[in-house]
Every structure is written in C-alpha cells, then in structure tokens.
Amino acid sequence: MSSLGRASAILGAGTLISRVTGLVRTIVLVGVIGSNASAAADAFAVANQLPNSVFNLISVGVLTAVIVPQIVRASTQSDGGNAFISKLFTLGTVVLVGATGVAMLAAPWLVSLQVRADNVEQLALATAFAYWCLPQILFYGLYALVGETLNARRIFGPFTWAPVANNIVSIAGFLAVGAVFGENLVNLSDWTPDMVAWLGGTATAGIAVQAAILLLFWRKTGLALRVDFRWRGVGLGNVGRVASWTLLMALSSMAAGFYQNWVANEASGEGAAVTVMNNAWLIFMLPYSIIVHSIGTPYFTQLSEHAHAGRDEEVRADISRSIRTLGFFLTGALAAVVAAAVPASRVFTNSSSDAVDAAVVLVCYLVGLLPLAVLFIVQRTFYAYGDTRTPFFFTLLQCVLIALTATVAWWMSASGVLPITLLAAAVAVGQSLAGTAQTIVATVLLRRRLGTLGTGRWMAALGRFLLAAVPAAAAGWGVFLLLGGAGGWTTADKILGVIGSGIIAVVVVIVYVAGLALLRAPELQVAGGIVKRFLPGR
C-alpha cells in the first residue's frame, strides 16, 4: 500500500500543477477570444477538440484497454518485453501518421458535423483552425504510447508532469497573440490567416513539446526501442482483436460528442455553447483528474497484475478499496465545486452574468461526477481481464442515451419550451444521466463476471460521504451569499473568483471532514494516510 501511496502522491502533485497551469492557459485564451456568446471561441473550440476526438477514435481506447495489460504480460518474457514493445511502437506510429493524414484531408467534413451549415463564416474559421490543430493527433499518440509504457513499468511521474510544459508553451503563445493582434476577438470577421496560424500553431506546438519531454525519461524503462515492421508472431493479433471493440467504442463516443456539439452550437453567438461546455468540463475534470488519475492509475496497474495472475479475490478487494478511497475525496470536491460554481465559472468568463450562465452548465455536469469515478474502476477491471467487448456495449448504451437527451434538449429549445441560453445546460445534464445509467449497467455486468464486488460496502461508504457533503455544500453556499452572491466581489473579476472559490472550498472541506468524523467514517484514516504522502518529507 505504501508504494501505491507514493505513486499517488507523485501523480497527484503533477496533475495538480498541470491542471492549475491548464486553468491559467484557459483564462488567457478566454481573454483573447472570449467565451459566452463568442462565435470565434466556439469555432476554435470545435477545431481544437477535433484532435482529441480523432485520437480517442484511433488510440486512446486501445492504449487504455490494451497497452498496460499487454506490457505487464510482456514484461514477464525473457527479454523484458523489448521485442513486443518495439513492434507495438512501430505499428502505433504508422497508424498515428496515417490517421493524422486522413484527418487533415477530412477536416472540412469533420468540422461540418459539428457546426451549422448555414453559418458559413463560423464553418470557414473552424475549418481553418482545424488544419493547424489536427497534427496534434500524432503528438497526442506518441505522448500516450510512451506515457502508458512508463506507467506500466511503474514510472508514474513524467506522464503526469509533461502537460505542464504544454500549458506553459500555450500560455506564452496565447499572450503573444493577444499582444500582437489585440484581445477579446469574439467576432468572426476579426480573424485573418496570420492570426489563425498563430493561435492554432501555438496549440499544436504545446502538444508536440509535451510528447518530446517524455522521451527524456525512456531510459528508465530499461527498454531499447528499435524500428520493427515484423508484426507477426508476437501476439499482435490478440491486440487487434481486443482493440477492435475499443475502436468501435471510441467511434460511438466520438459520434455522440459530435452530435452534442452540433446541438449546443445552435446557441453559438447567443449564449452558452461549445466553448462554455468545454470550460465547464475543464472545471469538472479538475477534481476528477487530480483524484481519480493520481489514485486510480496505480490501482489499475496493480489490478492488472492481480487479474493476470488470476487472483480474483485481490481484484475484488482492489475494486472496493479504490472506489471507497476515490469516493471520499471526490464527494468532498463535489460539494466544494457546487458551492463555488459561480465564482469558479467567473474565471472562464468576462462578466458576472456570464459566470452564472456557465455555472448552471457546470452543475449539470457535476451530477455525473461520482458515477464517472465508479465507472473508471469498473471499466478498467474489464480491461485488466482483456475484455473490451463488454465495455463497448455499455458505452454504446451511454452514447444512445446522450443522443436521445441531446435531441430532447434541441426539440425543447426549437419549440420554445427551453430558453436557448439553457440549451448547453440541458445537453450537459443529459450526459450526466447517461453516464449514471452506464455505470449502473457496467457494475451489474462486472458483478455477474466476478461474483460479489463488495457493492454493499462501497455503496454504504458513498452514502456516508454524500450525507456529510450536503451540509458542507450548504455551508459553502452560505459563505458565497455572505460574500455578496452573484453580484458580490467574488464575481467582480477572474482573480477574485479564484480567491472566493478558495475561501468557499476551505469552509466546505472543514464541514465535510467534521461531518464524516461525527459519522465515524472508517475511510478517514485511510484518506489521512494518503494525504500524508503529499506532505514534505513523507
């Protein structure tokens, strides 16, 4: 458990710094191109999200589901996995280069799936940004290939810390764009080819630096990579069989995401749309990434080892322990972000009224925070057993529900039942409900495979956490109101929004921990041990 604690500390610290610098990056970007009701910001958001979407389709599902378990298995071979990993990297690089080329050719079509055809100017600007952003696919892929290999060899730090360099490069580039071309460039007509090149090129340069930094740590793996096109005879056929299901899963997720953007983009220029959704998701992912990534990633590596060895009882213990640990921290974070939703959203908006609109979208996403954490563990347990077929089906269910809820939101907006300014919020709550349904189905399916999962124990723990979180969130909201509410100093500007969010969060955490102490929650002791790992000298 001590090795997991040290790994979690390294990952948590790196993720925290990465996310904080990522917040600064987004603040600078909002200053340049705006957020709410900014058609230019929505055009860049669509284009800059494309590399992530295509990369998810080609590689992320494959890497998460295949790389860690396969490298753990390959490491037991006499050569330590050198031959297998060399062949895998050669194949992966070829696929990534090909995918990047195809995506560049298909850029206009990919953009048209997310932007209204009648908005000719926005479509043209988003397409121009896409040509500069899509090369990120290659760099994302190399970063993930190297990073997941480092994680599988229990070298956890670099993968988490490398994005800091990306954020620094992006911050410098975005500041340069603002200094040279001006700020608050929200109108589509403001943009010239030079400006598009600077902004899109800066975003891609950051990802390239992020990938390059990981290569500096490769020697620690003890592996000697070489180009090897002889892909037969080392089990890559099994990789292809497993990856085919994750490819279909990623395709379904991409289609659902594109459709969400298309629906939300109906509000572009009038209210919260794609950019606000992306920024709200960034706040949503701040606690999720720091907590789930830092604690869950070491558990996944350990869980893969136990699954490979056939130690099912230890896998069940890993599942229960990891969900209860994640739930403790995430529920407290959930209460804090709900209470501080308005000042936190002010960081990514240019007025207090915009912050209120963005906060509604954020809270709608937060409905699905805890289910998403449970899904993280459940889904990766299937991956640890080499089963990517079952996750495809419960992910397909989620995608269908996302499409249905987005369609309902679009119909309600078109018919006048739902104000256009709440369209993005309706899409967000639909995603949360779909994710919750997905988690329930996934847990039931995993229980059928492994038998008991200790569900009663970790569900009881989550219940205790939520019971303590309610008064904690209420106390935090009370502090927000005492500080002036939506018209107070916490929403006067971005820096004050950060300070106000911090004050509210401190109050929430104190009340939350006190509530769990009154409930005599046994998880407090475990959580305390993990927290100590982050302290100097531990």
Side-chain angles (χ1 to χ4, degrees), residues 26 29-30 33-50 53 110-127 129-130 184-191 255-284 341-342 345-368 402-434 486:
T26 303
L29 181 60
V30 168
I33 61 177
S35 59
N36 294 50
S38 172
D42 290 332
F44 180 73
V46 166
N48 200 42
Q49 187 61 31
L50 271 179
S53 299
L110 291 171
V111 171
S112 69
L113 294 176
Q114 303 177 76
V115 178
R116 294 177 298 178
D118 60 342
N119 197 336
V120 178
E121 278 191 289
Q122 190 180 46
L123 189 65
L125 181 59
T127 303
F129 277 132
N184 206 27
L185 303 169
V186 300
N187 297 319
L188 297 172
S189 58
D190 292 337
W191 289 85
F258 278 12
Y259 183 64
Q260 278 185 313
N261 284 348
W262 184 87
V263 171
N265 200 56
E266 289 290 314
S268 183
E270 298 183 58
V274 177
T275 300
V276 173
M277 288 174 62
N278 286 353
N279 291 343
W281 187 256
L282 183 64
I283 300 174
F284 171 92
V342 176
S345 297
R346 179 64 179 88
V347 176
F348 303 106
T349 53
N350 292 323
S351 70
S352 57
S353 60
D354 285 348
V356 174
D357 293 340
V360 175
V361 178
L362 172 59
V363 172
C364 289
Y365 275 132
L366 289 170
V367 172
I402 284 175
L404 286 174
T405 54
T407 300
V408 170
W410 174 78
W411 175 83
M412 291 176 66
S413 177
S415 61
V417 176
L418 180 74
I420 192 70
T421 54
L422 292 179
L423 180 58
V427 172
V429 77
Q431 177 165 323
S432 294
L433 295 176

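These values consider heavy atoms only, across backbone and side chains, with no hydrogens, waters or symmetry-generated copies. Positions are given from 1 along the sequence.
- Looking at Asn261 and Gln49, their side chains never bring a donor and an acceptor atom within 3.5 Å of each other.
- Partners of Trp281 according to the ring pair (Phe, Tyr, Trp, His ring centres under 6.0 Å) rule, which considers only residues two or more places apart in sequence or in another chain, are Phe284, Tyr365.
- Taking 4.5 Å as the limit, every side-chain heavy atom of Gln114 sits out of range of all side-chain heavy atoms of Asn265.
- For Trp191, the side-chain contact (heavy atoms from CB on, under 4.5 Å) partners are Ile33, Ala40, Leu125, Phe129, Leu185, Met195, Val196, Leu199, not counting sequence neighbours.
- How far CG of Asn119 is from CG of Leu188: 6.5 Å, rounded to the nearest 0.5 Å.
- Checked options Asp42, Val46, Val115, Thr275; the residue passing with Ser268 is Asp42 (criterion: side-chain contact (heavy atoms from CB on, under 4.5 Å)).
- Closest non-hydrogen pair, Val361 versus Ala280, comes out as CG1-CB, 3.9 Å.
- Nearest heavy-atom pair, Ala341 versus Val363, reported as atom, atom and distance to 0.1 Å: CB-CG2, 3.9 Å.
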Candidate pair Val276 and Asp357, rule side chain to side chain contact (heavy atoms under 4.5 Å, CB included), full reasoning: CA-CA 9 Å; Val276 173; Asp357 293 340; over 6 Å; no

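- For the residue pair Glu121 / Ser189, no side-chain donor-acceptor distance below 3.5 Å is found, with atom types taken as modelled.
- Here the closest heavy-atom approach between residue Ala409 and residue Leu423 is recorded as O-CD1, 3.5 Å.
- Of all non-hydrogen atoms in Leu123 and Ser112, the two that sit nearest each other are CD1-CA, 3.8 Å.
- Counting only N and O atoms by type, the side chains of Asp354 and Thr349 include no donor and acceptor under 3.5 Å apart.
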From CA spacing to verdict: side chain to side chain contact (heavy atoms under 4.5 Å, CB included), Thr421, Glu270: CA-CA 7 Å; Thr421 54; Glu270 298 183 58; 6.0 Å; no

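- Here the shortest heavy-atom pairing between Val427 and Gln260 reads CG1-NE2, 3.6 Å.
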Worked check of side chain to side chain contact (heavy atoms under 4.5 Å, CB included) between Trp262 and Val274: CA-CA 9 Å; Trp262 184 87; Val274 177; over 6 Å; no

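- One distance of note links OG of Ser413 with CG of Leu418; it measures 5.5 Å at 0.5 Å rounding.
- Between Ile283 and Leu366, the closest side-chain pair of non-hydrogen atoms is not below 4.5 Å.
- Taken to the nearest 0.5 Å, the OG1 atom of Thr26 stands 4.5 Å off from the CG atom of Leu282.
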Side chain to side chain contact (heavy atoms under 4.5 Å, CB included) evaluation trace for Thr407 with Tyr259: CA-CA 9 Å; Thr407 300; Tyr259 183 64; 2.7 Å; yes

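- Taking both residues in full, the closest heavy atoms of Cys364 and Ser432 are given as O-OG, 2.7 Å, listed atom of the first, atom of the second, then distance.
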Gln431 vs Thr405, side-chain hydrogen bond (donor to acceptor under 3.5 Å, both in side chains): CA-CA, chis, key distance, verdict: CA-CA 8 Å; Gln431 177 165 323; Thr405 54; over 6 Å; no

